[in-house]
There are 2 protein chains.
Amino acid sequence: MTGGSRVSLRHVAELAGVSVATASRVMSDSSHPVSGSTRDRVLSAAESLGFEPNRLARALVTARSQTIGVIVHDISDPYFGDIVKGLEDGIHASDYRLFVASSDRDPEKELNYVRAFQAQQVDALVFAASGLNDPTYERDLTALVERYRRAGGVAVVLSDHSLAAPRVRFDNRGALTEMVAYLAERGHRRVAYITGPPELAVCEVRFGGYRAAVKDLGLDADEALVEDGRFTLRGGGEAVATLLGRTDFTAVLAANDLMAIGATRELVVRGVAVPGSVSVAGLDDIAIAEYGPVPLTTMRLPTYELGQRGASLLLRILDGQEPDDQLIVGEIIERESVTSAPV
Amino acid sequence: MTGGSRVSLRHVAELAGVSVATASRVMSDSSHPVSGSTRDRVLSAAESLGFEPNRLARALVTARSQTIGVIVHDISDPYFGDIVKGLEDGIHASDYRLFVASSDRDPEKELNYVRAFQAQQVDALVFAASGLNDPTYERDLTALVERYRRAGGVAVVLSDHSLAAPRVRFDNRGALTEMVAYLAERGHRRVAYITGPPELAVCEVRFGGYRAAVKDLGLDADEALVEDGRFTLRGGGEAVATLLGRTDFTAVLAANDLMAIGATRELVVRGVAVPGSVSVAGLDDIAIAEYGPVPLTTMRLPTYELGQRGASLLLRILDGQEPDDQLIVGEIIERESVTSAPV
DNA sequence: GACGACAGTCAAATCGTTTCCACAGAGGGT
DNA sequence: ACCCTCTGTGGAAACGATTTGACTGTCGTC
């Protein structure tokens with residue numbers, strides 16, 4: 001916003017015939033008393049000039065920018081889009097603005113965004129992106145956030161992350177063990193697992209849940225049953241294709257819905273009936289889960305709600321209250337892609 | 001960021017034994033000359049203190065905040081998510097940050113966001129959200145943006161919008177006429193149309209394209225053939241259901257892929273074969289278009305690219321160059337949901 | 001009638017930068 | 001010897017708000 005004719009508080013004050021101090025008090029409805037008549041004069045002056053207070057200047061003196069920085073892996077992924085929407089709706093009434101940044105799971109990029117947000121004086125940092133398995137990243141991030149916190153900043157985590165901070169997150173481990181149990185109850189003993197990018201903390205946690213359940217329930221624990229699907233539609237299809245060529249199974253469980261849908265399509269195209277020959281289950285319950293090649297049985301992880309609860313946690317902390325970590329557990333949505341194992 | 005121990009340029013200057021002015025010059029690598037030795041001293045002082053310049057203070061004096069406000073209808077919709085990602089990638093190298101706001105198609109909310117962004121001193125405003133058919137909204141928005149522009153701001157439009165501003169957009173009208181022609185070539189004479197929310201300018205434009213093509217090609221122009229699907233999966237299903245009960249047709253064309261997928265599923269559930277009995281075509285080519293109940297024939301509208309080109313248009317304008325409006329035309333992606341009309 | 005409390009106002013300091021201006025010294029050209 | 005340019009530096013004035021402290025009245029109370 002270079003040049004031009006910005007109207008400042010001084011202009012308003014002059015037009016209203018009062019000091020800048022008084023004008024400020026009425027515009028920011030401070031507790032300091034102002035007489036009704038001058039208040040009206042200032043208000044109408046502001047109105048006629050189209051005055052809008054400069055929040056940068058205000059932030060400079062109050063040391064509160066009323067902005068929040070959010071870091072996600074990929075804003076074009078509806079999983080994150082939903083979270084951001086929940087966050088936005090949650091903080092909207094409190095007059096905060098949201099910066100968003102997509103890190104593309106690149107540790108370097110993510111650290112840079114954190115630095116940039118700090119330079120931008122955000123009041124809080126939200127890590128909606130999962131942690132990354134990278135020692136230098138974890139070390140640098142911890143140091144950065146520690147410094148940020150000492151300077152008065154607030155950080156919150158909405159995923160599985162090594163960062164020590166107040167958090168609200170999904171019970172990812174529990175979600176996976178529950179899905180495996182669900183499959184096991186239906187007679188599946190060889191359940192293939194399509195995992196996401198191994199560098200993501202969330203994938204490790206989910207995979208851990210799968211492994212634990214397989215062991216506890218005495219199912220076949222076979223390395224050949226797991227394959228990386230990169231969290232994408234195409235990756236899911238490719239993963240199931242290599243699984244098909246490598247071993248046999250009666251069910252496949254994917255670490256997210258996108259991969260489950262990709263796998264379903266690949267199976268159908270290859271002529272293996274879903275759920276007739278192979279059952280498929282996902283995780284997340286994204287909007288299109290019901291509209292894939294076969295309506296997907298999955299577990300609902302309420303992303304929008306995660307965002308909302310993250311927002312209220314944040315607001316409580318900014319308000320000086322004690323943070324309380326929260327855990328959101330999923331709920332199985334039964335549709336058509338899972339059935340009992342063939343005997 | 002209240003309290004705490006922010007380190008400012010003054011601290012750096014003191015530690016380095018120079019004036020604030022000099023410290024500023026080296027930190028913001030100004031063109032003003034600084035000797036190599038003092039530069040090193042300042043740099044190492046900054047390093048050891050962990051100094052990060054306060055961009056708010058900088059913005060206040062330079063009248064450049066290096067931030068951009070983006071307005072979308074719904075950030076959880078991948079259509080907008082893609083655009084935002086393209087924008088972000090496009091401006092990232094130029095050291096701009098992005099504010100995003102979801103207006104939910106609410107005129108009041110959208111105007112408030114515009115005001116908030118202006119108060120936040122954003123250097124540019126991006127309207128990725130389509131215009132809304134609401135006279136007061138259009139008038140107020142125009143006034144707001146006009147004032148913003150006089151104050152040195154830049155506005156850019158990435159959709160169909162009544163706002164007069166530099167723009168890059170999809171050829172929505174052409175997209176629809178082309179899709180209708182594609183269907184007509186295959187012998188369809190009664191093509192049903194599922195439209196989006198009527199208050200959206202983009203829907204009007206798309207619908208206009210459909211109507212014009214139907215007329216030009218001499219197809220059946222029947223009011224009973226069009227129904228609102230609200231741009232959603234569920235809405236698409238409901239729309240095709242009412243269409244089915246009201247009239248007959250051999251093809252349905254939806255104003256976006258989500259509705260096309262919803263319609264396809266509804267048809268399949270009801271036992272009408274796609275494309276055997278009814279062909280279905282969409283618009284956008286979102287990622288899951290290929291993974292629906294039937295792989296969808298649609299027109300690719302490159303949203304990510306729209307965002308990127310929007311970013312570069314913006315940067316050119318901010319750089320003082322002359323804006324050039326751009327039009328992006330789609331490309332038909334033939335998959336399996338469309339076939340020739342039964343005779 | 002004196003005193004304190006309080007409403008109402010303003011001038012000035014402050015936040016952390018950038019930038020304008022002044023100034024000193026070095027060096028080069030005539 | 002003179003002038004001019006150029007490098008390198010610091011002081012101080014911005015930018016646009018909030019907030020502190022001081023100052024004037026007015027009113028009620030004892």
Side-chain angles (χ1 to χ4, degrees), chain A residues 1-42 45-46 49-67 95 118-121 123 151-152, chain B residues 1-42 45-46 49-66 118-121 123 151-152:
Chain A
M1 299 238 334
T2 178
S5 54
R6 276 288 305 167
V7 22
S8 81
L9 204 49
R10 194 168 49 78
H11 302 123
V12 176
E14 277 168 9
L15 180 58
V18 300
S19 74
V20 180
T22 310
S24 166
R25 284 193 265 265
V26 3
M27 293 314 295
S28 56
D29 38 41
S30 104
S31 60
H32 200 97
V34 174
S35 82
S37 65
T38 51
R39 158 163 280 116
D40 291 348
R41 280 215 314 289
V42 171
L49 290 176
F51 171 75
E52 194 78 47
N54 183 329
R55 304 185 68 128
L56 264 38
R58 172 183 305 187
L60 193 57
V61 34
T62 59
R64 282 295 200 134
S65 66
Q66 300 283 110
T67 61
D95 202 32
Q118 296 188 17
Q120 209 73 243
Q121 309 298 115
D123 291 336
Chain B
M1 300 236 331
T2 178
S5 55
R6 276 288 305 165
V7 22
S8 81
L9 205 48
R10 194 168 50 77
H11 302 123
V12 175
E14 278 167 9
L15 180 57
V18 299
S19 74
V20 178
T22 310
S24 167
R25 284 193 265 261
V26 2
M27 292 317 292
S28 57
D29 36 41
S30 103
S31 60
H32 200 96
V34 174
S35 82
S37 66
T38 51
R39 157 162 282 116
D40 292 348
R41 280 216 313 289
V42 170
L49 291 176
F51 172 74
E52 194 80 45
N54 183 330
R55 304 185 67 129
L56 264 37
R58 171 182 305 186
L60 193 57
V61 31
T62 59
R64 282 295 199 132
S65 66
Q66 301 283 109
Q118 295 187 17
Q120 208 73 243
Q121 309 299 112
D123 292 335

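Convention: sequence-line order gives letters A, B, ...; per-chain numbering from 1. Because the structure is a prediction, the values reported are computed rather than measured.
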Output the rounded distance in Å from NE2 (A:H11) to C1' (D:dA17).
13 Å
Mind checking whether A:T22 and A:R41 have side chains closer than 4.5 Å, heavy atoms only?
no
Heavy atoms from C-beta onward define the side chain here; which of D:dT9, C:dA7, C:dT18 lies closest to that of B:T38?
D:dT9
Whether A:S35 contacts C:dT9 is assessed here as follows: a side-chain N or O lying under 4.0 Å from the phosphate OP1 or OP2. Is that the case?
yes
I need the CD-C1' distance between B:Q120 and D:dA17, as an integer number of Å.
14 Å
Taking for each residue the nucleotide of DNA chain D with the nearest heavy atom, is it B:L60 or B:G36 whose nucleotide lies nearer the 5' end?
B:G36
Just to be sure I understand the rule, does A:R25 reach a base, reach only the sugar-phosphate, or reach nothing, if contact means heavy atoms closer than 4.0 Å?
base
Between B:A59 and B:S65 the two heavy atoms that sit nearest each other are CB-CA, 3.6 Å
What contact category does A:S30 fall into here, base, sugar-phosphate, or nothing, at under 4.0 angstrom with non-hydrogen atoms?
nothing
Nearest 0.5 Å, please: how far is CD in A:E52 from CD in B:Q120?
10.5 Å
Of the listed nucleotides (D:dT18, D:dT9, D:dG11), which one gets closest to any side-chain atom of B:H32?
D:dT9
Does OP1 or OP2 of C:dT19 have a side-chain N or O of B:T62 closer than 4.0 Å?
no
Winner on side-chain proximity to B:A21, out of D:dC15, D:dA12, C:dC15, is D:dA12
Measure from CD on A:E14 to P on C:dA11 and round the result to the nearest Å.
11 Å
Using a heavy-atom cut-off of 4.0 Å across all strands, would you classify A:P53 as base, sugar-phosphate, or nothing?
sugar-phosphate
When you compare the side chain of A:Q121 with that of A:T67, does any pair of heavy atoms fall below 4.5 Å?
no
Round to the nearest Å and state the distance from A:L9 atom CG to C:dC10 atom P.
12 Å
Taking the minimum atom-to-atom distance to the side chain of B:A57, which one of D:dA17, C:dA12, C:dT17 wins?
C:dT17
N or O in side chain of A:S19 less than 4.0 angstrom from C:dT9 OP1/OP2:
no
Can you tell me if B:T22 touches the phosphate of D:dT9, counting only side-chain N or O atoms and a distance under 4.0 Å to OP1 or OP2?
no
May I have the distance from B:N54 (atom CG) to D:dG16 (atom C1'), rounded to whole angstrom?
14 Å
Can you check the B:R64 CZ to D:dC15 P distance for me, whole Å?
18 Å
Note: for A:S8 and B:R41 on DNA chain D, the residue whose nearest nucleotide lies more 5' is B:R41
A:M27 CE to D:dT19 P, in whole Å, measures 15 Å
Rounded to whole angstroms, how far apart are CG on A:D29 and C1' on D:dT19?
15 Å
Minimal heavy-atom distance between A:M27 and A:L9, with the atoms involved, is CG-CD1, 3.9 Å
Minimal heavy-atom distance between B:V18 and B:A23, with the atoms involved, is CG2-N, 4.2 Å
